Amino acid sequence: MEKTWNNKAWFMVLPVLLLVAFSAVIPLMTVVNYSVQDTFGNNHFFWAGTEWFKQMLASERFHEALWRSLLFSAIILAIEIPLGIAIALAMPRKGWTVSLCLVLMALPLLIPWNVVGTIWQVFGRGDIGLLGYTMAALGIDYNYTQNTLDAWITIVAIDVWHWTSLVALLCYAGLVAIPEAYYQAAQIDGASRWAVFRYIQLPKMNRVLLIAVLLRFMDSFMIYTEPFVVTGGGPGNSTTFLSIDLVKMATGQFDLGPAAAMSIIYFLIILLFSWIFYTVMTNAGQERK
Amino acid sequence: MLELIDITKATPSGIHVQSASMRLEKGSLNILLGPTLSGKTSLMRLMAGLDRPTSGDIRVDGKSVLGVRVQKRDVAMVYQQFINYPSLTVYENIASPLRVAGVPRAEIETRVRQAAGLLKLEPYLQRTPLNLSGGQQQRTALARAFVKRASLVLLDEPLANLDYKLREELRAELPRVFAEAGAILVYATTEPSEALLLGGKTATLHEGAVTQFGPTIEVYQRPADLRTAEIFSDPPLNIIRLRKDGTNFVLDGGISIPVPRASLALPDGDYIIGFRPHHLYLEPPGDGAVALKAKVAITEVTGSESFVHVDFADARWVALVHGVRIVKPDETVTVYLVPERFFIFDMSGALASGPAVKQAA
Amino acid sequence: MARITLDGIAHSYLPKPQSEADFALKRMDHVWQDGGAYALLGPSGCGKTTLLNIMSGLITPTRGRILFGAEDVTDLPTEQRNIAQVFQFPVIYDTMTVRDNLAFPLRNRRVPEADIKRRVDELIGMLNLQGKADRKARALTADEKQKISLGRGLVRSDVNAILLDEPLTVIDPHLKWELRSQLKHLHKRLGFTMIYVTHDQTEALTLADRVVVMYEGEVVQIGTPTELFETPRHTFVGYFIGSPGMNVIPCAVEGDRARLSPELSIPLGRHYATLSGKTELGIRPEFVRLGEAGDLPVNIRAVEDIGRHKIVRGQVAGRDFNAVLRDTDSVPAIPRASFDPARINIYADARLIEPEAA
């Protein structure tokens, strides 16, 4: 819809523009600046060109962290999307229970991320944590600080607990928008539950699912707070995802040049994957006329 | 006065409006008639200022309003879906444009009461729209449009979602309600009978182009082309292709129909003949009628009228006869045509000849 | 195919209905004959959609039973009742082609593929969808989508009845004509029981052999279109059918004359017993003759020419009054109206009163 030109609107947008400029655009430019230069920290900058990028892309450490992040995102998507859909299908659509369900679903989303991490960190400890204690009592050997598999399972569990509600709520919104007549027609056509899901519910949830997948992919690929609080990237570097590695490099080792280069590569990877997801899903939903 | 000068609206999905030019006088009732997706809503949005035309100019009283925001234009619009503020009462709904304009409270009270009175909403002023029937919700939307006293009132198929009988009632009231304000009223519809019942002037639209614009009865009685005649016909126009040969129209099979006197001067050749269903008779209607044999496909009886669908040559025609007339399918009947009533279109679709316009009796 | 019997059906949307007023659908008994074409006609809120949903099984009635043939199906779910329903807006499976859409009900019932192909091809021919059979159903126009919805009902050979809930609402006027004749044609050819819900009298009267007129949850009259038009049993039927509706003028009936006002009385041609309650005279605008000579003076307010006929709006005996003239008739300068006595109906308390036998 083309609106007519409205000059007053620019005044409304100006404060936000300034804010975004300060907090995003200028820092981004600074990162780009750092990524193509080298410094010894005494404010002397040498032009490095693409050297940091080449170094980063060849680095073994970078590849490992990248692989870990990709694996993590894949696992998350594979669990959260179907689980979210299943929960959305099970949620009631009419009556007083609807509000109750919606509130329950929203609760995990409201908790600050580092608090989530802290909750689970305590939860999983063998001595004072409910989970850790129960595991020990059952005789299962569970220690997320020392065992790689346990650490991964814990972080995946945290993310699923924290974010599946988002997928569920988005899918629920899509489901609720389907007119009753479609279900009635399916009943009359003798369609099974599976057929109703495959031919009516899933196609109509297409758009919402796209949003859910994009959001979850981006967030899980960038995950930082939970692994940082719970495992600190360990044991060893088994849960050192890209973001954690990046921070270690930038603030721990003060290798600003490589860190900046890695940030940019990170950013471009996310952009690429998002674009792929988006294209694939909109084309799958598109009917060729 | 509102003028549209060669407006075109092109979008990535197609051309919604093609070179439309119209002049709407103050206090006139203008009808946009055409099937769905013919451009009626697009045209109305351009008139209101909700969209910008890709090319062309829109002038109000001589001054171009292309750059003016819709909030600044003096426009009211009513939609097919009953659109009201769901959390406000009917009173507040009707008062809302006046509150936005900063009208003093006493005046708001009088004007809202006047609008409610005109649209028979007085008993419902304290209800919210969800507690009203469809007809009452639409009346609320109409009252809100009326109370604004806008100089341009756009109604986009406002009665389409209402029951048949409610539609009849409101349709009779609408012109009266808005006539007093002296506004330019633009009314979009898909039904030809609505256009004829409302009167005023009609613009027929087809695929974004205005095919004809003029007094309704003239557009109906003398369509400029085949498209206009078809748009303005309910039941559908009866059509047949014939070849003119001197003083007769001939058809394969040796059938010939005399050419009406006014059309004798036309050059010989192929023509498309159109005539309205109520000009296809099952009884001899008088002098000058031509009898043909046709096969009945089905009959539909509504009590006041009967529609007899017949097949002739490779054309399907509908005869509208008054009263109850039941003819069994597959029977052969004699149908009568009156050449004086033919619309004769040349092969490009333009009207070559047709009956003169009859003024209202 | 089967006849459908409604035995004492009534429905309330409230969990514990106390009185008559709580019932959205008041008690009704009716038999829908096998292969008949019926219309359920009435304004919004009259209960017609409720009745349709009870028949299709989407609602269980508060009271009463439904029988398909001799079988009591009141507690059977929709898929076991062998009915098909077409809705107000086209309901199609977006991801499937036209062919697959039509095949869907048969595939769900495990009909062999060869039979499916045959039935679907037959239906595609009948519905005139030949060129588009392999396109995605989403890409079709609204009327074509409605044809697919209808087709999904027709493709099954075990269908008892097809219930249509205002299916032409979203269709343009031109295409409405085509779809209507196609529907009528298909009904004649395939002989299924057809029950068509609408508020549009033209649709109801043209499609149905018998029309059930409903008002506020009750059946007001059942009859052929001609019966409903010529002898409406209730003034509501007179008003609802016909455009414009029947003229209703209060009068006093004196034997074989009706007195409309102290100065005006007209002959009825038949004798009526003494009537109690509010007596009214009903005459359809189509049966009013306007001429220079006539029984009643008419005060004309407006004449609307809609091409195929003219509507004359005015007043008679102080009451709003309409007359319908042919497109060839002209309106007299000093108009007077006469009513054909055979077409006059007398109502007491809104119900039709029969004249005494001659």
Side-chain angles (χ1 to χ4, degrees), chain B residues 34-38 133-135 160-168 172 189-199 216-217 220-221 230-237 276-279 285-286 297-307 309 316 318 320 322-324 326 329 358 360-361, chain C residues 41-46 141-142 169-178 180-181 184-185 188 198-207 224-230 239-245 284-287 302-311 313 324-331:
Chain B
T36 348
L37 296 180
S38 55
S133 70
N161 282 357
L162 294 175
D163 270 0
Y164 198 81
K165 280 290 162 179
L166 272 177
R167 226 185 277 177
E168 273 184 15
T189 180
T190 52
E191 297 194 27
S193 35
E194 256 194 350
L196 286 164
L197 279 166
L198 288 168
T216 307
I217 202 71
Y220 178 74
Q221 291 185 359
E230 284 180 324
I231 294 171
F232 221 140
S233 214
D234 187 28
L237 194 69
R276 302 217 184 262
H278 57 275
H279 291 150
I298 29 164
T299 314
E300 298 175 313
V301 172
T302 67
S304 54
E305 296 159 328
S306 303
F307 306 108
H309 299 243
R316 164 66 69 94
V318 177
L320 194 164
H322 296 277
V324 175
I326 302 180
K358 272 184 311 177
Chain C
L41 177 66
S44 297
C46 71
T141 61
T169 310
V170 295
I171 313 285
D172 269 344
H174 283 247
L175 294 166
K176 268 199 229 220
W177 283 90
E178 264 186 50
R180 265 200 346 241
S181 8
K184 219 167 151 90
H185 196 70
K188 250 190 219 340
T198 180
H199 61 78
D200 183 329
Q201 43 142 24
T202 314
E203 277 176 27
L205 298 172
T206 49
L207 275 171
T224 63
T226 316
E227 280 166 25
L228 290 174
F229 189 75
E230 292 178 356
Y239 152 77
F240 199 74
I241 294 191
S243 182
R284 287 211 176 269
E286 291 84 353
F287 299 138
V303 177
E304 292 165 4
D305 185 342
I306 59 168
R308 62 227 231 180
H309 55 236
K310 298 196 207 348
I311 302 178
R313 300 197 190 269
V324 167
L325 300 180
R326 306 263 173 108
D327 54 321
T328 43
D329 295 338
S330 53
V331 182

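Predicted model, so just to flag it, every value in this text is computed and none were measured. Letters A, B, ... are given to chains in the order of the sequence lines, protein chains preceding strands, and every chain is numbered from 1.
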For this session: I would like to know whether C/Ile311 and B/Leu197 meet side chain to side chain contact (heavy atoms under 4.5 Å, CB included); could you show each step before the answer?
Result: CA-CA 9 Å; C/Ile311 302 178; B/Leu197 279 166; 4.2 Å; yes
Problem set entry | Worked check of side chain to side chain contact (heavy atoms under 4.5 Å, CB included) between C/Glu178 and B/Arg316 | CA-CA 11 Å; C/Glu178 264 186 50; B/Arg316 164 66 69 94; over 6 Å; no
Problem set entry | B/Asp234 vs C/Trp177, side chain to side chain contact (heavy atoms under 4.5 Å, CB included): CA-CA, chis, key distance, verdict | CA-CA 9 Å; B/Asp234 187 28; C/Trp177 283 90; 2.6 Å; yes
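In this structure, the portions of C/Tyr239 lying under 4.5 Å from any heavy atom of chain B include both its backbone and its side chain. Within the 4.5 angstrom heavy-atom criterion, no atom of B/Phe232 approaches chain C. Heavy-atom distances place the side chain of C/His309, and not its backbone, under 4.5 Å from chain B. Of the two parts of C/Ser243, the backbone and the side chain both hold a non-hydrogen atom closer than 4.5 Å to a non-hydrogen atom of chain B. Interface residue B/Glu168: only side-chain heavy atoms are found under 4.5 Å from chain C. Interface remark: B/Pro329 contributes side-chain atoms only to the contact with chain C (heavy atom separation under 4.5 Å). Residue contact with chain C, scored on non-hydrogen atoms closer than 4.5 Å, involves the side chain of B/Val324 exclusively. Only the backbone of B/Ile231 has a heavy atom closer than 4.5 Å to any heavy atom of chain C. Contacts of B/Leu37 with chain C are absent, with no heavy-atom separation under 4.5 Å from either backbone or side chain. With a 4.5 angstrom heavy-atom cutoff, B/Ser306 does not touch chain C via any of its atoms. If you measure heavy-atom distances from B/Ser233 to chain C, the contacts under 4.5 Å come from the backbone alone.
Under the 4.0 Å criterion applied to side-chain N and carboxylate O atoms, C/Lys184 and B/Glu300 are not assigned as salt-bridge partners.
For the atom pair NE2 (C/His174) and CD (B/Glu230), the distance works out to 7.0 Å, reported to the nearest 0.5 Å. Here the CG-CZ distance, from C/Asp200 to B/Arg167, works out to 7.0 Å after rounding to the nearest 0.5 Å. Residue C/Glu304 holds its CD atom at 11.0 Å from CD1 of B/Ile217, rounded to the nearest 0.5 Å. Considering OH of B/Tyr164 and CD of C/Glu203, their distance stands at 10.0 Å, rounded to 0.5 Å. B/Glu305 contributes atom CD, which lies 11.0 Å from atom OG1 of C/Thr206 (distance to the nearest 0.5 angstrom). The line from CD1 of B/Ile298 to NZ of C/Lys188 is 7.5 Å long, rounded to the nearest 0.5 Å.
With sequence neighbours excluded, the residues satisfying side chain to side chain contact (heavy atoms under 4.5 Å, CB included) with B/Thr190 are B/Lys40, B/Glu157, C/Asp172, C/Pro173. In terms of the side chain to side chain contact (heavy atoms under 4.5 Å, CB included) criterion, residue partners of B/Ser304 (sequence neighbours excluded) are, by chain and number, B/Thr302, C/Phe229, C/Glu286.
Between chain B and the residues C/Lys176, C/Gln201, C/Arg284, C/His185, the most heavy-atom pairs under 4.5 angstrom are made by C/Gln201.
Across all their heavy atoms, B/Pro235 and C/Arg308 have their closest contact at CD-NH1, 3.7 Å. The two atoms that bring B/His309 and C/Ser181 nearest to each other are CE1-OG, 4.0 Å, heavy atoms only. Shown here for C/Ile306 and B/Tyr220, the closest heavy-atom pair between the two residues is O-OH, 4.3 Å.
Around atom NE2 of B/His322, more than 12 heavy atoms belonging to other residues, nucleotides or ligands sit under 6.0 Å away.
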